[in-house]
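A quick write-up on the structure given underneath.
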Amino acid sequence: KNEVEQSPQNLTAQEGEFITINCSYSVGISALHWLQQHPGGGIVSLFMLSSGKKKHGRLIATINIQEKHSSLHITASHPRDSAVYICAVRPGTASKLTFGTGTRLQVTL
Amino acid sequence: KAGVTQTPRYLIKTRGQQVTLSCSPISGHRSVSWYQQTPGQGLQFLFEYFSETQRNKGNFPGRFSGRQFSNSRSEMNVSTLELGDSALYLCASSLFGTSGYEQYFGPGTRLTVT
């Protein structure tokens with residue numbers, strides 16, 4: 001079993017829909033990152049969380065440390081949000097990231 | 001501020017050869033991490049360097065090595081290339097490391113081994 005599990009693996013939504021991507025992890029962590037990867041490979045760091053909730057534009061990320069679970073929400077989705085969203089955790093005091101397998105999001109008009 | 005740069009962007013090598021990839025972090029960042037991304041294994045941590053010292057290493061064979069220079073630029077080297085080394089190699093820099101600091105990713109080097 002992977003240390004980091006994401007769901008769903010694939011997601012298709014219509015423009016304007018509210019989207020939720022989930023991430024569960026099995027180890028104690030000191031931080032969780034949400035990353036976005038567009039076709040072509042470039043990765044952008046969206047959020048880094050150790051507790052609570054963060055918001056940036058239409059994106060919201062939450063984390064529940066006790067339940068070892070995080071969610072990424074996209075409000076009013078747009079075709080430009082189409083990308084792979086990757087959850088990554090920093091286990092304990094290790095100076096490395098462990099990644100989920102990603103959620104491929106396709107937003108259509 | 002210039003972002004993380006990686007060179008070369010694309011590379012084709014033959015089995016048995018060796019390759020060196022370069023990463024220049026954002027100015028002022030002292031930590032550089034390297035990752036391998038393949039369709040089968042996804043993103044995997046290779047190693048992290050901080051102030052010229054390797055701070056952590058992932059589960060990769062000794063053919064994978066790296067170093068960091070005094071200006072924080074980092075190189076990784078893969079010797080005796082195998083077909084399975086074909087991947088996107090990403091580096092990321094942060095101010096002090098992954099602990100509590102944002103990671104900024106470079107565009108990656110796509111390595112194809114034939």
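Letters A, B, ... are given to chains in the order of the sequence lines, protein chains preceding strands, and every chain is numbered from 1.
When heavy atoms are compared at a cutoff of 4.5 Å, A:Leu49 does not approach chain B at all. With a threshold of 4.5 angstrom between heavy atoms, B:Gln37 approaches chain A through side-chain atoms but not through N, CA, C or O. At a 4.5 Å heavy-atom cutoff, the contact between B:Leu43 and chain A is made by backbone and side-chain atoms alike.
Tracing side-chain contacts under 4.5 Å through hydrophobic residues (I, L, V, M, F, W, Y), one reaches A:Val4 starting from A:Val27; they form part of the same cluster. Clustering ILVMFWY residues whenever any of their side-chain heavy atoms sit less than 4.5 angstrom apart, transitively, puts B:Trp34 in the very cluster that holds B:Phe64. B:Leu88 and B:Val78 fall into different hydrophobic clusters, where Ile, Leu, Val, Met, Phe, Trp and Tyr residues are linked whenever their side-chain heavy atoms come under 4.5 Å apart, directly or through other members. Placement of B:Tyr89 and B:Leu81 within a single hydrophobic cluster is found when ILVMFWY residues are connected by side-chain heavy-atom separations under 4.5 Å, directly or transitively.
Ring centers of A:Phe99 and B:Phe45: at least 6.0 Å apart, outside the cut-off.
When all heavy atoms of A:Leu35 and B:Phe105 are compared, the pair lying nearest together is CD2-CE1, 3.9 Å. Of all the heavy atoms in B:Gln103 and A:Ser45, the pair that sits closest is O-CB, 3.3 Å.
Within 6.0 Å of CZ in B:Arg15 there are 12 or fewer heavy atoms belonging to other residues, nucleotides or ligands. A 6.0 Å sphere centred on CZ of A:Arg104 holds no more than 12 heavy atoms belonging to other residues, nucleotides or ligands.
For the pair B:Gln44/A:Leu97, no side-chain contact is recorded, criterion being any heavy-atom separation below 4.5 Å from C-beta on.
Note that CG of B:Asn59 is 6.0 Å distant from NZ of A:Lys96, once rounded to the nearest 0.5 Å.
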